[in-house]
Amino acid sequence: MRDLAEMFRPDGLLAEHLPGFTHRHAQEEMAQLVWDALGARRHLAIEAGTGIGKTFAYLVPVLLSGKRAVISTGTRTLQDQLYDRDLPMLGAAIGRPVDVALLKGRNNYLCWHRLDLAQQERTRGDSFQAKLADIAAWARSDSSGDLTELADLAEDDALRSTITSTADNCLGTQCAFFDDCFVLEARRRAQSADVVIVNHHLLLADLVLKDAGFGELLPGADAVIVDEAHQLPEIAQQFFGVSVGSRELQRLARDVLAEARAAGLAQELEPLTDALVKTTADSRLAAGEHTGRLPWSDCPAELRQAVLAWQERLQALGSRLEAARKIGPGLQRCWERCQDGANRLRTLQEGDPRGLRWVELSPRGLAVHWTPLDTGLELGQRIEAHGGTWIFASATLAVGDDFSLFLDRVGVPEPLTQVLPSPFNYAENSRLYLPQGLPQPNESDYVARVLSTVWPLVEASGGGAFLLFTSYRALHEAQRLLNAVPLPGPLLVQGEGPRTELLQRFRAAGDAVLLGTSSFWQGVDVRGSALRMVIIDKLPFASPGDPLIRARIERIRSEGGDPFNQFQLPQAVLALKQGVGRLIRDFDDRGMVVLCDPRLRTRSYGRVFLGALPPMPLVEDAEEALAFAAGLLPQFESQDVASVP
Ligand code: SF4
């Protein structure tokens with residue numbers, strides 16, 4: 001049996017098998033912590049700074065322990081990297097292949113039943129049918145049913161939802177295609193593998209057993225590794241909540257109609273499905289111009305009435321399906337979905353006081369939710385019921401060495417905890433600049449003043465900058481202002497293309513300026529000189545205008561707690577760490593973080609934020625900041641500094 005030292009030491013097996021491997025003390029230390037936790041069967045939460053190499057630090061002890069493990073990641077990219085590269089390489093290093101299964105969400109696998117229904121829909125035209133025939137031929141060949149094998153089927157192709165199943169419309173054991181089902185086959189493979197790679201949604205589906213039709217997904221794992229664990233509580237909140245949305249009901253209506261056509265009942269059922277679709281459209285109209293999130297109690301009375309009508313329509317459709325459901329499992333499943341939807345609407349009307357009822361309004365639809373305000377109790381119980389040792393790893397779990405915000409939300413009692421700082425040379429390669437003289441963030445000219453302050457730096461570094469905002473409003477204002485000035489390179493704006501495409505363009509350009517909010521604060525990895533400056537407009541306190549945030553604040557206050565120090569401040573500190581963490585992604589990366597919010601100096605909590613960041617030398621002098629920015633890409637020609645209107 002190999003041991004950890006043999007793997008990690010500078011001339012060890014990883015160095016032998018992994019090109020470019022460099023020994024890192026913190027990585028070895030983390031591996032030892034994981035190893036010890038697995039041996040002692042103690043849960044472990046570990047904050048591993050960027051660059052530690054946390055993936056290998058948990059994979060190696062898991063493989064050496066011989067325990068059956070589930071590894072849950074936040075992104076498909078990391079899933080693919082583990083499956084295609086890291087685990088085969090580690091198998092070679094330890095001298096025995098590892099039996100690994102990669103289990104993706106249902107929407108990645110062809111569903112034979114849905115394909116069959118679509119092929120019966122003769123109304124969709126020849127090219128549609130020809131496409132389906134090609135897909136059927138591919139699926140019948142030696143295929144795993146994973147749609148990523150179909151190079152010409154784009155990720156956002158609308159056809160995907162037609163030919164894949166959801167937990168709602170899957171017929172499970174009643175399905176005529178059950179024996180050939182790709183989803184089932186992938187799960188069978190997972191059940192017999194030593195290591196199963198999943199995403200957080202599948203992990204939670206397994207914990208909650210919400211994915212009907214197949215039973216437990218991941219039985220008997222001795223170890224569960226949750227990478228990017230900071231995302232787990234948020235996703236758990238969705239899983240433990242109850243929702244009904246207009247899109248779901250429209251999908252149900254479409255599925256009923258497809259089944260009805262196949263059964264020769266379309267004429268009879270179509271008026272009922274039309275009525276269901278119409279009532280969802282009526283409720284969106286009743287909401288008027290509103291978009292965003294609203295507490296149920298603040299919704300206009302017409303909107304609440306319109307949503308109540310959903311239940312009547314579902315019941316009417318369900319009653320008719322009750323008579324038809326014996327015809328086949330497809331109609332049976334549709335009937336069950338009507339029942340389930342009506343039950344959830346009843347639950348939503350009751351409004352359990354442990355959570356919040358709220359409505360999410362998008363330009364074309366709406367969903368009604370009940371969300372628990374505290375996930376800790378339920379998630380903790382489910383983790384204990386699942387069993388095994390749980391390892392939570394992320395670059396942002398703690399404020400200082402305090403993990404309480406995260407641990408309260410996952411509900412794991414008394415786990416081991418450890419913070420391991422990044423091994424990067426921040427002192428040499430980075431600076432943290434706090435500009436002076438900016439107004440308070442609530443001033444009307446704040447965005448313009450931020451831009452005129454930071455723009456000389458962006459010019460000096462020849463672009464290569466992320467400007468991260470805490471709101472779309474600020475982002476769009478910045479975009480408007482920057483449209484009027486010469487730019488060092490392309491201006492990329494969140495929302496003007498898929499995130500991966502914007503990042504590709506950013507990397508390729510080398511001198512681009514990217515304006516981002518929400519999704520660019522985390523999970524973005526731009527190594528090398530393409531990204532050399534991260535500018536953050538405000539401290540990322542969650543908006544108290546968000547009904548869930550407000551309800552949480554009120555809940556803590558009503559329990560005699562201190563919402564600012566227990567929730568708002570640590571949440572914002574962790575969010576800022578995520579944003580700042582975009583800059584230095586590798587040992588040779590150099591760059592500057594600019595934090596514009598003057599509250600960092602003027603408020604006592606500023607120290608908490610600054611103390612939680614990597615040890616970047618502080619710059620307060622504008623000339624010094626400009627000189628450092630200019631040195632970030634010396635091969636770029638210096639340019640005139642343009643002023644921002
Ligand atoms: S069992 Fe479910 S996923 Fe599999 S083919 Fe049937 S409906 Fe599709």
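Atoms within a ligand are numbered from 1 in the order they appear, just like the ligands themselves.
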- prompt: Is there side-chain contact between Trp138 and Leu110, with heavy atoms separated by less than 4.5 Å?
  reply: yes

- prompt: Cys175 heavy atoms, cut-off 4.0 Å: which ligand 1 atoms fall inside?
  reply: 1 (S), 5 (S), 6 (Fe), 7 (S)

message: Could you work out, for atom 5 (S) of ligand 1, the closest of Phe178, Phe182, Trp112 by heavy-atom distance?
response: Trp112

- request: Could you verify whether a donor N or O on one side chain and an acceptor N or O on the other, from Ser144 and Asp146, lie under 3.5 Å apart?
  value: no

message: Ignoring hydrogens, what is the shortest heavy-atom contact between Arg106 and Thr166? Give both atom names and the distance.
response: CD-C, 3.6 Å

message: Using a 4.0 Å cut-off to any heavy atom of Ser165, which atoms of ligand 1 qualify?
response: 3 (S)

task: Output the list of atoms in ligand 1 that are nearer than 4.0 Å to some heavy atom of Cys170, sorted by atom number.
output: 1 (S), 2 (Fe), 3 (S), 7 (S)

- prompt: Which ligand 1 atoms does His113 reach within 4.0 Å, using its non-hydrogen atoms?
  reply: 5 (S), 7 (S)

query: According to the interplanar angle, ranging from 0 to 90°, do the rings of Phe177 and His113 count as parallel (below 30°), tilted (30 to 60°) or perpendicular (above 60°)?
result: tilted

message: If you count heavy atoms of other groups shown closer than 6.0 angstrom to NE2 of His17, is the number above 12?
response: yes

- request: Answer with yes or no whether Leu171 contacts ligand 1, where contact means a heavy atom under 4.0 Å from a ligand atom.
  value: yes

message: Tell me whether Arg189 is salt-bridged to Glu185, with the criterion being a basic N under 4.0 Å from an acidic carboxylate O.
response: yes

task: Using 2.8 Å as a strict upper limit, say whether an N, O or S atom of Cys111 approaches atom 8 (Fe) of ligand 1 that closely.
output: yes

